[in-house]
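Report on the following structure.
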There are 2 protein chains.
Amino acid sequence: MEEKNTYNNNYDNSPLAYALNLIGGKWKLPVIWALSKNGTMRYNELKRNINVITNMMLTQVLRELENDGIINRKQYMEIPPRVEYSLTENGKELIPALKALAHWGSNMKKFNGEGM
Amino acid sequence: MEEKNTYNNNYDNSPLAYALNLIGGKWKLPVIWALSKNGTMRYNELKRNINVITNMMLTQVLRELENDGIINRKQYMEIPPRVEYSLTENGKELIPALKALAHWGSNMKKFNGEGM
DNA sequence: CAGTATCCTCACAGATACTG
DNA sequence: CAGTATCTGTGAGGATACTG
């Protein structure tokens, strides 16, 4: 069940392509961001936290992140069901890189002076 | 002529969203990568370097990167025309962040042990 | 050489409804 | 509570042809 690689052109067989592939798409970073801020979160907690994501999108992105070793999924066999998500060590190691990007983005924003 | 922001959900008004917006899409990083390796490049040089990008895509992405202050476009008024592209200072400052991501990607690749 | 102008496709995303 | 199952649509990306 391989994901599509939107970034598999050129500069490819580059690990950068691989990285972007893992965190690409519309919802992966919002999920990673939320988990990095809040630690462990349940499904509906994530859903509430991430603005207006649908069940389908959330489920899909959680599965992909889990398969890629970026988040942990811990399911408690209770009723009602409880499932908790958190970043793996690998996932946590992503944060500094994201911060570097964010820092650059911050400078660019100032530089370009865009309203929002 | 504002670009669409694919990443403008949640974790938004975050500079990370802004950064990803600037370098998002399929072709921006290949162009940035090529320029960071080769310094100044002409249009067709980029086209040859970046695998199978079409004129349309290359032109479009060059315009956007130029408008966002990531690359310089220098046009020489000669015949035949000559146009040279290079990274701006802002563009160059992006490279370390990309390297951080690439480094993470490299680890993930090992960790996930994917064939390619 | 360095681009534009059209037209088109299809994957990603979403709405809605249902379930163990 | 934590998901699945369908169906639908939209726009980023692309093929092709033409131009100053």
Side-chain angles (χ1 to χ4, degrees), chain A residues 1-10 12 17 20-31 34-35 40-67 71-86, chain B residues 1-10 12 20-31 34-35 40-68 71-86:
Chain A
M1 208 91 326
E2 212 45 31
E3 304 163 43
K4 286 298 288 275
N5 187 346
T6 320
Y7 296 95
N8 63 357
N9 310 277
N10 328 287
D12 170 82
L20 286 171
N21 203 11
L22 295 187
I23 64 168
K26 190 166 179 178
W27 297 109
K28 287 187 178 178
L29 280 168
V31 167
L35 289 175
T40 295
M41 296 176 82
R42 300 178 62 172
Y43 182 92
N44 277 312
E45 202 176 347
L46 275 165
K47 188 159 148 64
R48 264 176 267 115
N49 200 280
I50 301 173
N51 211 9
V52 286
I53 191 170
T54 61
N55 284 329
M56 250 205 70
M57 289 297 104
L58 181 54
T59 301
Q60 182 179 307
V61 80
L62 286 171
R63 290 283 175 277
E64 288 180 8
L65 289 172
E66 189 195 357
N67 290 336
I71 65 172
N72 289 126
R73 178 179 189 275
K74 183 159 190 195
Q75 179 165 7
Y76 297 85
M77 283 314 190
E78 329 175 326
I79 290 175
R82 179 155 63 107
V83 181
E84 290 181 346
Y85 295 94
S86 57
Chain B
M1 210 87 330
E2 213 44 35
E3 302 161 45
K4 286 296 290 275
N5 187 346
T6 322
Y7 297 95
N8 63 356
N9 310 279
N10 329 287
D12 169 83
L20 286 170
N21 203 9
L22 295 186
I23 63 168
K26 190 166 180 179
W27 297 109
K28 287 187 178 179
L29 280 168
V31 167
L35 289 175
T40 294
M41 296 177 82
R42 300 178 62 172
Y43 182 91
N44 277 312
E45 202 176 347
L46 275 166
K47 188 159 148 65
R48 262 175 268 118
N49 200 280
I50 302 174
N51 211 5
V52 286
I53 192 170
T54 61
N55 284 330
M56 249 205 72
M57 289 296 103
L58 181 54
T59 301
Q60 183 179 306
V61 81
L62 286 171
R63 288 285 175 278
E64 287 179 9
L65 289 172
E66 190 195 357
N67 290 335
D68 292 335
I71 65 173
N72 289 124
R73 178 180 189 275
K74 183 159 189 194
Q75 179 166 8
Y76 296 87
M77 283 314 189
E78 330 174 327
I79 290 176
R82 179 155 63 108
V83 181
E84 289 182 347
Y85 294 94
S86 57

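Here is the naming used below: chain letters follow the sequence lines, and residue numbers restart at 1 for every chain. What you are looking at is a predicted structure, and each value in this text was computed from that prediction instead of being measured.
Across the protein-nucleic acid pair, Leu62(B) atom CG and dC1(C) atom P stand 16 Å apart, rounded to whole Å. The CD atom of Glu84(B) sits 16 Å away from the C1' atom of dG3(C) (whole-angstrom rounding). When the P atom of dA15(D) is taken as reference, atom CD1 of Ile53(B) falls 11 Å away, rounded to whole Å. Counting to the nearest Å, the P atom of dA15(D) and the NZ atom of Lys26(B) are 9 Å from each other. Note: NZ (Lys74(B)) to P (dA2(C)) measures 15 Å, nearest angstrom. Going from atom CG of Leu58(B) over to atom P of dG13(D) covers 14 Å, rounded to whole Å. Summarising the geometry, the separation between NZ on Lys47(A) and C1' on dT4(D) is reported as 13 Å, rounded to the nearest angstrom. Atom P of nucleotide dG3(C) and atom CE of Met41(B) are separated by 14 Å, given to the nearest angstrom.
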- Item | Watson-Crick or G-U pairs under 3.5 Å in DNA chain D, rendered as dot-bracket with [ ] for crossing pairs and | for another strand | ||||||||||||||||||||

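Using a 4.5 Å heavy-atom threshold, the side chains of Leu46(B) and Leu35(B) count as touching. When side chains are defined from C-beta on, Met41(A) counts as touching Asn49(A), because their heavy atoms get closer than 4.5 Å. Arg73(B) has its side chain out of reach of Glu84(B): every pair of non-hydrogen atoms, C-beta onward, lies at least 4.5 Å apart. Using a 4.5 Å heavy-atom cutoff, the side chains of Leu58(B) and Asn55(B) are not in contact.
Between dG3(D) and Arg73(A), a contact under 4.0 Å exists linking OP1 or OP2 to a side-chain N or O. Contact between the side-chain N/O atoms of Arg63(B) and the OP1/OP2 oxygens of dG3(C) is found at a separation under 4.0 Å. Considering only side-chain N and O atoms, Tyr43(B) lies nowhere under 4.0 angstrom from the phosphate OP1 or OP2 of dT4(C). Phosphate proximity of dA12(D) to Trp27(B): absent, as no side-chain N or O sits under 4.0 Å from OP1 or OP2.
Each of dT4(D), dC1(D), dA2(C) was ranked by its minimum atom distance to the side chain of Thr59(A); first place goes to dT4(D). The listed nucleotides are dG14(D), dA2(C), dG3(D); the one nearest the side chain of Val83(A) is dG3(D).
Across all strands shown, Tyr76(A) has no heavy atoms under 4.0 Å from either base or sugar-phosphate atoms.
Summarising the geometry, atom CG belonging to Leu62(A) is positioned 12.5 Å from atom CH2 belonging to Trp27(A); distances are rounded to the nearest 0.5 Å.
Across the interface with DNA chain C, nearest-nucleotide mapping of Met56(B) and Arg42(B) shows Arg42(B) to be the residue nearer the 5′ end. Map Asn55(B) and Arg82(A) each onto its nearest nucleotide of DNA chain D; the residue landing nearer the 5' end is Arg82(A).
Lys28(A) places a side-chain N or O within 3.5 Å of a backbone atom of Leu22(A) that can act as its donor or acceptor partner.
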- Message: Checking Val83(B) against Arg42(B) for the side-chain contact (heavy atoms from CB on, under 4.5 Å) test, could you report, in this order, the C-alpha distance in whole Å, the side-chain angles of both residues, the deciding distance, and whether it holds?
- Response: CA-CA 6 Å; Val83(B) 181; Arg42(B) 300 178 62 172; over 6 Å; no

